[in-house]
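What follows is a single structure, written as structure tokens, with notes after it.
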Amino acid sequence: MKKHTLKIKSDLHEIAEVERFVEDICDYYNLYNSYFGNIMVAVTEAVENAIVHGNLQDKDKFVLIHFDFSQKGIKFTIEDQGVGFDY
């Protein structure tokens with residue numbers, strides 16, 4: 001498992017699926033020391049923000065959670081279908 005993606009509906013009830021996704025990744029890479037809690041909070045908060053603020057809880061839209069593992073470390077990327085903003 002080097003790269004993996006989870007696609008969920010913009011529904012806060014889907015957070016349980018995201019938690020299982022993170023747990024599976026942490027199991028596979030043995031990340032259950034001090035990193036697990038931080039990873040779980042960061043990913044679930046980012047997904048909640050994508051659902052609520054990005055997709056405005058429109059259940060016809062999706063959120064993608066990408067995971068990538070490399071020699072530099074692990075990376076989660078969260079994508080929503082919102083209009084975005086000019087930062």
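A single hydrophobic cluster is not seen to contain both Leu64 and Val18; linkage of ILVMFWY side chains at heavy-atom distances under 4.5 Å, directly or through other members, places them apart. The same ILVMFWY cluster, assembled from side-chain heavy atoms under 4.5 Å apart, contains both Tyr35 and Met40. Put simply, Ile78 and Phe69 are part of the same group of oily side chains (I, L, V, M, F, W, Y) that touch within less than 4.5 Å, one to the next.
By the 4.5 Å heavy-atom criterion applied to side chains, Leu31 and Ile74 are counted as neighbours. The shortest side-chain heavy-atom distance between Thr44 and Glu19 falls under the 4.5 Å cut-off.
Heavy-atom contacts from other residues, nucleotides or ligands closer than 6.0 Å to NZ of Lys9 number 12 or fewer.
Looking at Thr77, its side chain never comes within 3.5 Å of a backbone N or O of His66 through a donor-acceptor pair. With hydrogens and angles ignored, the 3.5 Å screen pairs a side-chain donor or acceptor of Asn55 with a backbone N or O of Gln81.
One finds the NZ atom of Lys7 at 12.0 Å from the CD atom of Glu14 (value rounded to the nearest 0.5 Å). Note that CD1 of Ile65 is 10.5 Å distant from NE2 of His4, once rounded to the nearest 0.5 Å.
Between Val47 and the options Ile8, Leu12, Leu6, a side chain to side chain contact (heavy atoms under 4.5 Å, CB included) holds for only Ile8. A side chain to side chain contact (heavy atoms under 4.5 Å, CB included) with Val43 is found for exactly one of Val22, Ile25, Ile15, Asn38, namely Val22.
Listed here is the closest heavy atom pair of Cys26 and Phe36: SG-CD1, 3.5 Å.
Using a 4.0 Å cut-off between charged nitrogen and carboxylate oxygen, Glu23 and Arg20 do not count as a salt-bridge pair. Between Lys59 and Asp11 there is a salt bridge, since a side-chain N of the basic residue sits under 4.0 Å from a carboxylate O of the acidic one.
Under the 30°/60° scheme for interplanar angles, the aromatic rings of Phe21 and Phe76 are found to stand perpendicular.
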